[in-house]
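Taking it in order: structure first as structure tokens, then the write-up.
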Amino acid sequence: MIQLKNVNKTIASRQILKDVTYDFEYGKVYGLYGVNGSGKTMLMRAISGLIVIDGGKIIIDGKELHKDISFPPNAGIVIENMSLLPKYNAFDNLKILSGIKKIATDDDIRRSLKRVGLDTDVKVKKYSLGMRQRLNIAQAIFEKQNIILLDEPTNALDDEGVKLIYDIIREEKERGAFVMMATHHKEDLSEVCDKILNVSEGKLLEK
């Protein structure tokens with residue numbers, strides 16, 4: 001379980017997250033919606049450990065973030081401005097990334113790329129925005145991560161790519177992962193989410 005208890009975050013005198021409290025369960029898909037600047041991405045950054053909150057607690061499987069652990073131990077993240085290595089193809093990008101944890105096999109990498117429809121040796125520098133997004137999704141799932149945070153996962157994808165991502169999200173849920181996705185597209189929420197949460201002026205409200 002992932003527990004948020006009175007989570008607060010202020011940047012440049014502006015409170016981005018305001019007393020956010022919620023318990024998230026594995027095996028469910030949570031959808032976040034709200035206008036730009038409402039706090040959706042900041043909430044994901046907080047859960048992923050990419051920022052340190054100003055107040056409250058984030059507890060992941062009984063361990064407090066930035067106290068007992070620095071980052072969630074097994075998280076896949078797609079958040080704005082992801083970095084890819086342009087000189088390498090998709091397989092080599094994930095192969096290099098796999099060297100950090102050393103838990104994914106070459107077959108795991110190939111399987112994840114096949115799932116997102118990237119069976120190609122083309123170097124990333126020649127990728128379209130949609131292809132880059134597919135590779136971002138692949139890096140979030142190739143190590144069988146149990147926490148998956150997706151910020152606008154269908155951005156830049158055509159209809160075929162959107163359907164493919166929906167299928168992946170459902171499969172990850174069935175595998176038992178906790179999936180959170182932030183989006184402006186209400187059709188994304190209705191298609192795949194078990195819980196729909198509105199982020200408004202830093203507060204989290206269940207629909």
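Please read all numbers here as calculations on a predicted model, not as lab measurements.
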Is there side-chain contact between Phe24 and Leu4, with heavy atoms separated by less than 4.5 Å?
yes
In this structure, CZ of Arg110 is separated from CG of Asp107 (nearest 0.5 Å) by 5.5 Å
### Message
Do Leu94 and Ile103 land in one hydrophobic cluster if side-chain heavy atoms of ILVMFWY residues count as linked below 4.5 Å?
### Response
no
| message | So Tyr30 and Ile196, do their side chains get closer than 4.5 Å, heavy atoms only? | response | no
Quiz prompt | Whether Gln133 side chain and Pro153 backbone form a donor-acceptor pair below 3.5 Å | solution = yes
Next on the checklist: Tell me whether Lys203 at atom NZ has more than 12 heavy atoms from other residues, nucleotides or ligands lying less than 6.0 Å away.
Outcome noted: no
Between Asp108 and Lys114, is there a side-chain N and carboxylate O pair less than 4.0 Å apart?
no
Minimal heavy-atom distance between Arg175 and Lys144, with the atoms involved, is NH1-O, 3.2 Å
Check your understanding: With the 4.5 Å side-chain cut-off for hydrophobic clustering, are Ile59 and Leu65 part of the same group?
Key -> no
Taking Ile147 as the starting point, is it possible to reach Val29 by hopping between hydrophobic residues whose side chains are less than 4.5 Å apart?
no
Nearest heavy-atom approach of Asp194 to Gly27 is OD2-O, 4.4 Å
CG (Leu85) and NZ (Lys87) are apart, to the nearest 0.5 Å, by 8.5 Å
message = Run the side-chain contact (heavy atoms from CB on, under 4.5 Å) test on Ile2 and Asp23 for me, step by step, so that the C-alpha distance in whole Å, both residues' side-chain angles and the decisive distance to 0.1 Å come before the verdict.
response = CA-CA 6 Å; Ile2 300 164; Asp23 292 346; over 6 Å; no
* Asked: Hey, are the side chains of Met180 and Leu150 touching, using non-hydrogen atoms and a 4.5 Å cut-off?
  -> no
Practice item. Decide salt bridge (Lys or Arg N to Asp or Glu O under 4.0 Å) for Glu201 and Arg14; before the verdict, give the C-alpha distance in whole Å, the side-chain angles of both, and the deciding distance to 0.1 Å. Key: CA-CA 10 Å; Glu201 296 181 348; Arg14 178 171 172 252; over 6 Å; no
* Asked: So, the side chain of His66 versus the backbone of Ile51: is there a donor-acceptor pair under 3.5 Å, distance only?
  -> yes
Under 4.5 Å between any side-chain heavy atoms of Asp151 and Val78, yes or no?
no
Query raised in the report: Just wondering, more than 12 heavy atoms not from Tyr88 lying within 6.0 Å of its OH?
Result: no
Report task. With the side chain counted from C-beta on, respond yes when Val124 and Asn93 share a heavy-atom pair under 4.5 Å apart, and no when they do not. Result -> yes
**Asked** For Asn146 and Tyr26, what are the C-alpha separation, side-chain angles and deciding distance, and is it a side-chain contact (heavy atoms from CB on, under 4.5 Å)?
**Response** CA-CA 8 Å; Asn146 61 7; Tyr26 291 102; 4.2 Å; yes
Is the backbone of Val52 close enough, under 3.5 Å, to the side chain of Lys9 for a donor and an acceptor to pair up by distance?
yes
| field | Same apolar cluster (I L V M F W Y, side chains within < 4.5 Å links), Ile148/Ile58 | value | no
*Are any of the side-chain nitrogens in Lys95 or Asp106 under 4.0 Å away from the carboxylate oxygens of its partner?*
yes
Assess whether a salt bridge exists between Glu191 and Arg170, defined as any Lys/Arg side-chain N lying under 4.0 Å from an Asp/Glu carboxylate O.
yes
Using the rule that Ile, Leu, Val, Met, Phe, Trp and Tyr join whenever any side-chain heavy atoms are under 4.5 Å apart, tell me whether Ile168 and Ile109 fall into a single cluster. yes
Going by heavy atoms in the side chains, are Lys63 and Asp61 under 4.5 Å from each other?
no
Heavy-atom side-chain proximity of Lys101 to Glu143 below 4.5 angstrom | yes
Closest non-hydrogen atoms of Ile79 and Arg45, given as atom of the first, atom of the second and distance, are CG2-NH2, 3.8 Å
The reported gap from OG1 in Thr41 to CE in Met44 (rounded to nearest 0.5 angstrom) is 7.0 Å
- Item | salt_bridge(Asp167, Arg115) N-O dist < 4.0 Å | no
Taken to the nearest 0.5 Å, the spacing of Ile77 CD1 from Asn136 CG works out to 11.5 Å
Nearest heavy-atom contact between Ser98 and Phe142 is CB-CE1, 3.7 Å
For Ala90 and Leu135, the nearest pair of non-hydrogen atoms, with its separation, is CB-CD1, 3.9 Å
* To do: Output, in order, the C-alpha distance, side-chain angles, deciding distance and verdict of side-chain contact (heavy atoms from CB on, under 4.5 Å) for Leu43 and Val20.
  => CA-CA 9 Å; Leu43 183 61; Val20 176; 4.2 Å; yes
For Leu113 and Ala138, the nearest pair of non-hydrogen atoms, with its separation, is CD2-CB, 4.0 Å
d(Thr154 OG1, Leu164 CG) to nearest 0.5 Å is 12.0 Å
**Prompt:** Is the CG atom of Asp159 crowded by more than 12 outside heavy atoms at less than 6.0 Å?
**Reply:** no
| query | Okay, side chain of Asn8, backbone of Asn6: is any donor-acceptor separation there less than 3.5 Å? | reply | yes
One should read off an interatomic distance between Ile96 CD1 and Leu84 CG, to the nearest 0.5 angstrom, of 11.0 Å
Next on the checklist: Go through it in stages, so that I can follow the logic: the residues are Val7 and Asp19, the test is side-chain contact (heavy atoms from CB on, under 4.5 Å), and I'd like the CA-CA distance, side-chain angles, deciding distance and then a yes or no.
Outcome noted: CA-CA 5 Å; Val7 170; Asp19 289 317; over 6 Å; no
For this session: Could you tell me whether the side chain of Lys28 reaches within less than 4.5 Å of the side chain of Val179, counting heavy atoms only?
Result: no
